[in-house]
Number of protein chains: 2
Amino acid sequence: MSIEISKAESHLLDGIKVESTSRGFKMILDEPVEEGGTDSGMNPVEAILCALGSCQCIVTKIVASNMGIELEDLKIELEGDLDPAGYQGDTSVRPGFQNVRSKFIIKSNASEEQIKQLVQVTEQFCPVGDTISKGTNVSVDYEIK
Amino acid sequence: MSIEISKAESHLLDGIKVESTSRGFKMILDEPVEEGGTDSGMNPVEAILCALGSCQCIVTKIVASNMGIELEDLKIELEGDLDPAGYQGDTSVRPGFQNVRSKFIIKSNASEEQIKQLVQVTEQFCPVGDTISKGTNVSVDYEIK
């Protein structure tokens, strides 16, 4: 077992705009004006959906190659259900996504049976999908400068 | 209870590079060359860390405002532990993050007691933190074009 550590850093800019970096790559996330932001980027829950869809695309491509399946096109549509009451302080409602749905739209000349297996294997081995669906402990600490 | 639906779409480009969009905002994720990508963006697990850190920054800022705390500076350092054996097919190892750590680095003239409470409340109400730490059902479906 050889654990690799992924790293990132987030920095609060003006208002509630946040710049995050990982290995030198940058991501600006923000909130729409009606949520108190300046709408300069997607918001963090939309970013999880993008991370999930991207991870599923990458794993699908790799698994397809291993299965000898050629993908002509792959799009994944994602949705997540969120009740704002949860993050606004109603403790009877969870603040995070209640459900996430992911729909693979695949163009390929593989058989339906192969496509079904491709999607199943991808679901099983997708790191972001596993992190979200199985849940992962998040420990929080702080330091006062 | 009024559910809002967040949406995104991911599209596999050349190799394992993926373009994802949400409300018109774009994110390019990829893998390093040694993982078979072209290193044109951070990878999906790094993107989850950025989504988490951004969400924690936004919630901290909002909670701090509600508590009358002024934040001079807020950075969050994030780490996630991943064992590649998991996504490479070893079913005895989970493919996703095994643990995530988040360290808030706060510059403020609030008391330590206030900062402690600020971090606790943020942890409780952060949508991305809740989605990951409590786990969220991800249902996968497909359509053949």
Side-chain angles (χ1 to χ4, degrees), chain A residues 3-6 8-12 16 18 20 22 25 27 29 42 44-51 53-55 57-58 61 74-83 87 95-97 100-105 107 119 123 125 127-128 130-131 133 135-143 145, chain B residues 3-6 8-12 16 18 20 22 25 27 29 42 44-51 53-55 57-58 61 74-83 87 95-97 99-105 107 119 123 125 127-128 130-131 133 135-136 138-143 145:
Chain A
I3 298 288
E4 286 176 7
I5 300 180
S6 300
E9 185 175 282
S10 296
H11 191 197
L12 183 66
I16 50 174
V18 181
S20 298
S22 183
F25 297 108
M27 186 187 295
L29 301 182
M42 64 178 78
V45 293
E46 291 164 337
I48 305 191
L49 295 181
C50 291
S54 301
C55 204
C57 279
I58 291 171
K61 178 66 179 278
L74 172 62
K75 266 189 195 149
I76 299 183
E77 292 173 352
L78 305 123
E79 291 185 347
D81 301 332
L82 201 71
D83 184 343
Y87 59 79
F97 277 138
V100 170
R101 290 174 296 283
S102 174
K103 187 177 182 186
F104 292 44
I105 298 160
K107 205 168 164 187
V119 172
E123 193 177 359
F125 291 103
V128 172
D130 178 79
T131 298
S133 64
T136 300
N137 180 61
V138 177
S139 52
V140 172
D141 196 7
Y142 66 90
E143 180 185 319
K145 273 278 174 191
Chain B
I3 300 286
E4 285 177 7
I5 301 180
S6 301
E9 186 175 280
S10 295
H11 192 196
L12 183 67
I16 51 173
V18 181
S20 298
S22 183
F25 297 107
M27 185 187 295
L29 300 182
M42 64 177 78
V45 293
E46 291 164 337
I48 305 190
L49 295 180
C50 291
S54 302
C55 203
C57 279
I58 292 171
K61 177 67 180 278
L74 172 62
K75 264 189 197 148
I76 299 184
E77 291 172 353
L78 305 123
E79 291 185 347
D81 301 333
L82 201 71
D83 184 342
Y87 59 79
F97 278 138
N99 280 291
V100 170
R101 290 172 297 282
S102 174
K103 187 177 182 187
F104 291 45
I105 298 159
K107 206 169 164 186
V119 172
E123 194 177 358
F125 291 104
V128 173
D130 179 78
T131 298
S133 64
T136 300
V138 177
S139 53
V140 172
D141 197 7
Y142 67 90
E143 181 185 319
K145 273 277 176 194

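Since the model is a prediction, treat every value here as computed from it, not as a measurement. Naming convention: chains lettered A, B, ... in sequence-line order (proteins, then strands); numbering from 1 in each chain.
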Asks: Under 4.5 Å from any heavy atom of chain A, what part of B:E123 do you find: side chain, backbone, both or neither?
Replies: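 Only the side chain of B:E123 comes within 4.5 Å of chain A.
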Asks: At a heavy-atom distance under 4.5 Å, which candidate from B:Y142, B:Y87, B:F97 has the highest pair count against chain A?
Replies: B:Y142
Asks: Side chain to side chain contact (heavy atoms under 4.5 Å, CB included) between A:S6 and B:L49: does it pass, once the steps are laid out?
Replies: CA-CA 8 Å; A:S6 300; B:L49 295 180; 3.8 Å; yes
Asks: For chain A, which candidate among B:A47, B:S102, B:G53 shows the most heavy-atom pairs at distances under 4.5 Å?
Replies: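 Result: the option with the highest number of such pairs is B:S102.
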Asks: Which heavy atom in A:A8 sits nearest to a heavy atom in B:E46, and how many Å separate them?
Replies: CB-O, 4.4 Å
Asks: If you measure from CD1 on B:I48 to OG1 on A:T136, what distance do you get to the nearest 0.5 Å?
Replies: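 Answer rounded to 0.5 Å: 7.5 Å.
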Asks: So which atom in A:K145 and which in B:K107 form the shortest heavy-atom distance, rounded to 0.1 Å?
Replies: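 Minimum heavy-atom separation between A:K145 and B:K107: O-CG, 3.9 Å.
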Asks: Any sub-3.5 Å donor-acceptor pair from A:S133's side-chain atoms to B:V138's backbone N or O?
Replies: no
Asks: Between A:S54 and B:S10, what is the shortest heavy-atom contact and its length?
Replies: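 Reported closest heavy-atom pair: N-OG, 3.4 Å.
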Asks: Does any non-hydrogen side-chain atom of B:V128 lie less than 4.5 Å from one of A:V45?
Replies: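 Yes, their side chains come closer than 4.5 Å.
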Asks: Can you find a pair of side-chain heavy atoms, one from A:I5 and one from B:R101, that are under 4.5 Å apart?
Replies: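 A side-chain contact under 4.5 Å exists here.
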Asks: Which atom pair, heavy atoms only, marks the closest approach of B:I16 to A:I58?
Replies: O-CG1, 3.3 Å
Asks: Which heavy atom in A:A51 sits nearest to a heavy atom in B:P44, and how many Å separate them?
Replies: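 Minimum heavy-atom separation between A:A51 and B:P44: O-CB, 3.5 Å.
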Asks: Please report the interatomic distance CD(B:E9) to NZ(A:K75), rounded to the nearest 0.5 Å.
Replies: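 That separation rounds to 5.0 Å.
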Asks: Measure the CD1-CG distance between B:I76 and A:D141 for me, rounded to the nearest 0.5 Å.
Replies: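 Going from CD1 on B:I76 over to CG on A:D141, the span is 11.5 Å.
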